[in-house]
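Here the structure is laid out as structure tokens; the discussion comes afterwards.
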Amino acid sequence: MRRALLNFIVREWLLLASLFGLLATSFYRGAFPGYTDRELVPIFLLFTLFVVVKGIENSNLLLKTATVLERGALLPAKLVIITFLLSMVVTIDVSLVTMLPIVLSLNVRQKENLAILVALTAHVGAALTPFGTPQNLFIYSFYDVDTLAFIETIAPFSIGMLLFFLVVSFFMKATKDTSFKRKKRPVEKPMALSYLVLLGIVVLCVLRLLPAGTAVLALVFALFFDRRSLKVDYGLLLTFLAFLGLTDNIKAIIGGMIHHPGHIFILSASMSQFISNVPTTLLLNRFTGEWEALLWGTNVGGFGSLVAALANLITHRLYVTYGEKKQVASFTRKFVIAGYVAFMVGFVIHFVLYRHLYGLP
């Protein structure tokens, strides 16, 4: 019993920490945070994404995709380019939920490092588009930014980080794991095709081209035809709910204490490490009209700690679900260290490249 409890605490430490933080800050405020549709709809869409990707996995299509990617050379570089382009089109969350299970199905020894590289690349691809990340969408809408001006502002960050990750990829090894015995399983084509269609529907819902409620089709299909796909990570969804409530509480507690935005880039990048980049955006927008600095700060700030961005929580949990259980601690340590390296590179690009290009003081 004690061992089972200890294993639960080790596995669900982030959920427990979020719940504790939520309860503690709610007690301090004297009120429990209310959840709006804006907060609950993304959780629902993420749930449907998990179900669809689980269904694609059950159809053996992920294994087939991993086998195709393994062919030829330059596997790390291929993963960087695919992830960058995918996250530009379908948002950071969709690209992570799609790509990480594929990476963790590869027949290579360095899956841990490749997963980190893919997760970091998803940040910079999604940063390039107004809808790629939640903070981008809010800044784009709140400040009524011109689309071309938006892309032009953040392009040095996205392209600069892409080049950095490509250079890193050429130094990474992807050797075959001779001890890995992959069972040859045929793709269940009708099931795979059905889930690919459902994935397209969910992505259109994420992009707001279809009503969010349309994504319930994925749940209905799984309920009637493939209940195995409903066995997803509910702990992660609960972690998100707790974390959103926690950050709302922090926003309410410290919101009145900030009297001047100061150096908004440094402030937003630093605050993101503690309360995540989306709440940081919602908190600081009322204190500044410098949307360019806020855009840069919250996107650079998405690197680093596990709570710097919800995408980091998704990455960590996907590794817990699909990766080697014995390597979770090692992966977490490497992921955070690599995130802070990317964080510092983002700072350099901002102050050396971006400000120089645009002649900013």
Side-chain angles (χ1 to χ4, degrees), residues 80-81 83-95 119-167 206-208 258 260-273 275-304 308-312 339-361:
V80 166
I81 293 172
T83 303
F84 183 87
L85 295 175
L86 185 65
S87 59
M88 280 176 54
V89 177
V90 299
T91 77
I92 187 171
D93 295 342
V94 179
S95 63
L120 296 179
T121 301
H123 277 276
V124 300
L128 191 58
T129 60
F131 57 81
T133 64
Q135 71 271 14
N136 279 18
L137 184 59
F138 182 84
I139 291 171
Y140 178 74
S141 301
F142 183 83
Y143 292 100
D144 194 23
V145 182
D146 177 75
T147 302
L148 289 179
F150 184 99
I151 295 173
E152 183 183 30
T153 296
I154 201 63
F157 167 72
S158 289
I159 303 303
M161 293 301 300
L162 171 62
L163 294 176
F164 173 71
F165 290 140
L166 279 174
V167 170
V206 171
L207 298 178
R208 296 185 176 89
I258 301 176
H260 192 277
H263 298 293
I264 199 68
F265 168 74
I266 295 175
L267 182 61
S268 57
S270 301
M271 285 181 60
S272 295
Q273 301 306 302
I275 67 170
S276 185
N277 52 8
V278 175
T280 295
T281 303
L282 297 175
L283 179 62
L284 293 182
N285 76 84
R286 72 185 72 178
F287 299 107
T288 182
E290 299 174 8
W291 65 267
E292 298 94 336
L294 185 60
L295 177 65
W296 267 84
T298 51
N299 276 288
V300 172
F303 294 127
L310 290 180
N312 294 352
Y340 276 114
V341 170
F343 181 83
M344 296 309 299
V345 173
F347 259 71
V348 171
I349 292 175
H350 178 266
F351 285 108
V352 177
L353 177 62
Y354 172 70
R355 300 184 75 84
H356 175 72
L357 280 177
Y358 292 90
L360 299 176

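The basis for the numbers below is simple: all heavy atoms, side chains too, and nothing from hydrogens, waters or symmetry mates. We're numbering straight along the sequence, starting at 1.
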*Please test Gln135 against Leu294 for side chain to side chain contact (heavy atoms under 4.5 Å, CB included), starting from the C-alpha separation and ending with a verdict.*
CA-CA 9 Å; Gln135 71 271 14; Leu294 185 60; over 6 Å; no
*asked:* So which atom in Pro130 and which in Thr147 form the shortest heavy-atom distance, rounded to 0.1 Å?
replied: CG-CG2, 4.4 Å
*Would you give the length of the straight line joining atom CD1 of Ile154 to atom NE2 of His350, rounded to the nearest 0.5 angstrom?*
8.5 Å
*CZ/Phe157 to CD1/Ile349 distance, rounded to the nearest 0.5 angstrom?*
7.0 Å
*First locate atom OG1 of Thr121, then atom CZ of Phe164, and finally report the distance between them rounded to the nearest 0.5 Å.*
10.0 Å
*Checking side chain to side chain contact (heavy atoms under 4.5 Å, CB included) for the pair Met161/Val345: CA distance, chi angles, key distance, verdict?*
CA-CA 8 Å; Met161 293 301 300; Val345 173; 3.6 Å; yes
*Heavy atoms only: give me the nearest Gly301-Ala308 pair and the separation to one decimal.*
O-CB, 3.2 Å
_From Leu295 atom CG to Glu290 atom CD, the distance as rounded to the nearest 0.5 Å_ = 13.0 Å
*Evaluate the ring planes of Phe265 and Trp296, with Trp represented by its six-membered ring, and classify them as parallel (under 30°), tilted (30 to 60°) or perpendicular (over 60°).*
perpendicular
*Give the intermediate values and the outcome of side chain to side chain contact (heavy atoms under 4.5 Å, CB included) for residues Tyr340 and Gln273.*
CA-CA 10 Å; Tyr340 276 114; Gln273 301 306 302; 2.9 Å; yes
*Is a side-chain donor or acceptor of Ser158 paired with a backbone partner of Val124 at a separation under 3.5 angstrom?*
yes
*State whether the side chain of Asn277 and the backbone N or O of Asn299 hold a donor-acceptor pair below 3.5 Å, judged by distance alone.*
no
_Heavy-atom pair with the smallest gap, counting every atom of Met271 and Thr280_ = C-OG1, 3.6 Å
*For Asn136 against Ala126, the heavy-atom pair lying closest together*: ND2-O, 3.6 Å
_Quick check against the 3.5 Å criterion: does Ser270 have a side-chain atom that pairs as donor or acceptor with the backbone of Leu267?_
no
*Exercise: identify the closest heavy-atom pair between Ala149 and Trp291*: O-CH2, 3.9 Å
*To the nearest 0.5 angstrom, please state how far the CG atom of Asn312 sits from the NE2 atom of His123.*
4.0 Å
*What do the steps show when you test Phe351 against Ile266 for side chain to side chain contact (heavy atoms under 4.5 Å, CB included), and what is the final call?*
CA-CA 11 Å; Phe351 285 108; Ile266 295 175; 4.1 Å; yes
*Return the orientation label for the Tyr140 and Phe150 ring planes: parallel under 30°, perpendicular over 60°, tilted otherwise.*
perpendicular
_Results of side-chain contact (heavy atoms from CB on, under 4.5 Å) for Leu86 - residues two or more places apart only_ = Val90, Ser95, Thr98, Met99
*Can you tell me how far CD1 of Ile81 sits from CG of Leu166, rounded to the nearest 0.5 angstrom?*
5.5 Å
*Heavy-atom pair of closest approach, residues Phe84 and Leu128*: CZ-CD2, 4.3 Å
*asked:* If the condition is side-chain contact (heavy atoms from CB on, under 4.5 Å), which residues does Ser276 pass it with, not counting sequence neighbours?
replied: Phe243, Pro279
